[in-house]
Amino acid sequence: MEFRTCSFTGLKIHKPAEDLIKWNVITAVLFLTLGGLMGLLIGITRWPSVHYLDPTYYYRYLTLHGFDALLVWIIFFEVALVHFTSAVLLNTRTVIPSAGWIAYSLMLIGAIFVNITTFAGKADVLFTSYVPLKASGVYYTGVIIFAVGALTAFGHFFANIIQAKRDGAYKHSLPLGSFGMAAASIIAVVTLAHGAVIMIPTLLWSIGLIKYLDPGTYRLIFWGLGHPSQQINVCAMVAAWYMVSAFVLGGKPVNEKLSRTAFVLYIFFINVASEHHLLVDPIFSNWHKIINTSYVMHLAVFASMVHAFAIPASMEVALREKGYTNGLFEWLKKAPWGNPAFSGTFLSIIGFGFLGGTTGVIAGTEQFNIIRHNTFFITGHFHGTVVVGTTLAFMAFSYLLMPYIFKRELIMPRLASVQPYLYFIGVSMVSIGMMAAGALGVPRRHWDITFSGAPFSFTFDPSVDMFLSIMGLGTLLAVFAGVIYVVVIIGSALFGRRVAP
Amino acid sequence: MAIKEPERIWWKPYTWDEKFWVAVALLWMLTTFTFMPVYHFIGKQNPPFETYRVRNPEQFTALVDAMVEKYKVGEEEGIPVVHPEPGSDVFLQASMWQWYPILQLEKGKTYRIHVYSLDIVHGMSILPINMNFMVLPDYDYVLTLTPTTSGEYHIVCNEYCGLGHHMMVGKLYVK
Amino acid sequence: MADKYDDEEHRNKIEAPGTLALSLIFLVVFMVLWFLHFKWLVEVWWVE
Ligand code: HEM
Ligand SMILES: [Cu+2]
Ligand SMILES: [Cu+2]
């Protein structure tokens with residue numbers, strides 16, 4: 001009895017796939033908890049009237065926040081999506097489950113290495129670890145082990161779909177959700193290869209086996225890892241959007257061809273755009289920067305604009321078929337706003353587009369970058385993409401996984417149904433506060449913008465205080481909503497009422 | 001449906017709204033895309049710069065010291081204030097956690113400003129005008145700037161450079 | 001189901017007017033933010 005049939009979706013679920021999904025989701029949520037706690041601490045440190053942590057701890061926890069939230073939480077969740085879309089969605093099995101467990105263990109061990117070293121104060125380098133800033137060798141070892149685990153996990157996707165094809169689980173093409181994760185997995189393999197190219201020499205350098213690493217080249221290859229990995233997140237997030245629309249509303253893309261083309265654009269056009277992190281670096285000429293970021297990046301953005309239309313459109317069409325056809329927006333009013341999987345997804349689409357997307361294109365423009373680079377504006381921008389966008393989308397998706405995979409009902413469904421709204425409002429305040437302060441020049445990664453102890457002191461525009469307070473209040477709200485999320489998910493996984501099999 | 005294999009009819013024609021949105025989105029993206037090269041010429045808002053490798057940090061330091069010696073006009077908080085000849089090459093050196101020296105420039109004059117880091121990566125943020133550049137060790141980053149506004153400016157480090165990062169503040173005058 | 005898309009009318013139909021409206025609002029916000037940045041940009045130091 002390796003398979004069971006899900007009573008909600010009719011999907012045939014392979015037991016080992018189910019276990020892998022469960023463990024990856026739970027681990028992801030635990031690291032989100034840790035990352036969120038760090039977010040709280042650094043958030044209230046950057047709130048001028050609270051200014052909570054000492055500088056040592058501020059930079060240490062900032063390192064951990066970046067690593068645990070951006071890498072560990074998101075990638076563990078994506079691995080769960082790998083198994084969901086390459087096995088469960090195809091009504092087939094996960095091949096060689098042991099490989100899945102090896103990947104899981106490597107990622108866990110790597111993440112623990114990094115966390116322990118950083119907590120011990122041996123790696124206060126922030127998650128970008130720009131050379132020649134040096135951390136202990138254990139830190140880089142941890143990053144490498146984590147990356148190897150992640151590579152194995154994404155590789156699993158291809159093993160699964162090849163087997164599924166042989167088993168006749170699909171005939172011509174993958175369902176769109178799996179197609180999106182296929183794009184994510186392809187980008188992941190390319191990206192993690194960059195990771196190996198840069199992290200292995202860095203490890204050797206930190207333990208003294210290599211004498212010199214070029215700081216400009218490090219930044220180039222690091223962002224060859226760092227930027228496309230955001231594209232993995234975007235693909236996975238968009239795949240989750242499509243799947244929620246289908247599961248909750250029965251929505252289907254108005255045109256699958258368009259959606260698939262957009263995913264393909266991601267694969268082709270995003271990797272080279274990583275140079276938009278280097279727009280004010282000395283290493284490239286202006287022309288190089290212009291050609292690279294303008295041409296290539298904008299086609300990937302175009303792809304996002306296509307998805308951002310196709311998904312709400314699929315929801316609209318599905319709701320209109322249910323009879324909500326009055327005017328432009330009756331379907332929107334009658335949408336299932338009380339279902340956190342739906343509301344989370346919808347808010348994620350809105351937030352990703354308005355907060356993250358627009359500002360990303362602006363900051364990535366050669367000329368505009370000069371007045372935005374390394375200011376708090378950038379931090380605000382990516383809390384729009386990776387928190388309001390990806391994190392909220394994954395939260396929404398995990399509300400579906402509770403009944404489908406964990407076979408549990410949500411505990412506290414009332415609280416769960418307001419969670420996406422609170423989180424959305426909180427993180428939007430964080431994001432907008434940061435962006436406004438950053439537009440006035442407030443730097444990111446900075447402990448004290450009153451410059452205590454410095455030979456000179458610069459006084460920012462007085463409105464900065466207000467913007468940073470908006471960020472601070474948003475921090476409290478976002479963390480509160482984050483706590484609700486963790487309690488609901490972990491609580492449901494452990495104590496939720498079992499649903500009939 | 002996103003969770004099922006598509007029916008074979010998924011190569012159906014686009015609807016009107018799809019076509020419209022794809023066209024508008026593509027047009028806007030092409031605009032933002034063409035804008036960059038076009039603006040390179042009409043806006044001239046790309047910072048003109050050159051880059052050189054620095055093999056030997058002492059050479060750079062020697063240039064800085066020579067400039068300080070020749071043009072020093074004062075001192076603030078132990079950091080020399082220099083007023084170099086308008087239109088000349090000037091040097092700005094970053095290190096943990098100092099910008100050295102304090103430059104005094106003249107409005108409307110063009111300078112080649114060499115910025116360089118002695119140790120690790122720093123970020124040069126000129127405030128309140130909010131212009132930002134990365135400063136890397138081993139690279140001499142030559143920015144050709146023409147101050148168009150006068151006043152007292154601060155240079156704040158905006159790339160994490162260790163525990164004293166928040167104390168790394170320098171000054172720049174435009175007269 | 002399958003036949004629904006065979007007819008020519010499908011091509012000229014608007015299936016999701018609400019989404020189209022939302023998307024256009026998005027586009028306007030995007031453009032406004034974009035052009036605002038020009039205004040901020042003129043203050044930098046290499047523009048005559
Ligand atoms: C409770 C929600 C969150 C709050 C209040 C929060 C707050 C913050 C704050 C205050 C910073 C520091 C910026 C600075 O001083 O330069 C920061 C940085 C960052 N956050 Fe968050 N954050 C949250 C959630 C997340 C999540 C879920 C992710 C990833 C998915 C994330 C990714 C990052 C990254 C990558 C950085 C940059 C770290 C660096 O500059 O090295 N944050 N966040
Ligand atoms: Cu510095
Ligand atoms: Cu610094």
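Chain letters run A, B, ... following the sequence lines, proteins first, then strands; residues in each count from 1. Below, all heavy atoms of this structure are taken into account, side chains as well, without hydrogens, waters or symmetry copies.
For the pair C:Trp34 and A:Thr365, the minimum side-chain heavy-atom distance is below 4.5 Å. Residues A:Met305 and C:Ser23 are not in side-chain contact: their nearest non-hydrogen atoms beyond the backbone lie 4.5 Å or more apart. Taking 4.5 Å as the limit, every side-chain heavy atom of C:Glu15 sits out of range of all side-chain heavy atoms of A:Ser314. Inter-residue side-chain proximity for C:Leu22 and A:Phe309 is flagged as unmet; no heavy-atom pair is nearer than 4.5 Å.
Looking only at heavy-atom pairs under 4.5 Å with chain C, the residue among A:Gly327, A:Ala308, A:Ala313 that has the most is A:Ala313.
Proximity to chain C is absent for every atom of A:Met315, based on heavy atoms less than 4.5 angstrom apart. Contacts of C:Leu20 with chain A are made by both backbone and side-chain atoms, with heavy-atom separations under 4.5 Å.
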Show me the side-chain donor-acceptor pairs of residues 352-360 of chain A shorter than 3.5 Å, one per line, residues at least two apart or across chains.
unit_1	atom_1	unit_2	atom_2	d
A:Thr358	OG1	A:Phe354	O	2.6
A:Thr359	OG1	A:Leu355	O	2.6
A:Thr359	OG1	A:Gly356	O	3.1
A:Thr359	OG1	A:His381	ND1	3.3

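Between C:His37 and A:Phe368, the two ring planes are tilted [angle within 30° to 60°].
Separating the CZ atom in C:Phe35 from the CD1 atom in A:Ile362 is a distance of 10.5 Å, to the nearest 0.5 Å.
A pairwise comparison of heavy atoms in A:Arg320 and C:Pro17 identifies NH2-CG, 3.4 Å as the closest pair. Here the closest non-hydrogen pair linking A:Phe329 and C:Ala21 is CZ-CB, 4.0 Å.
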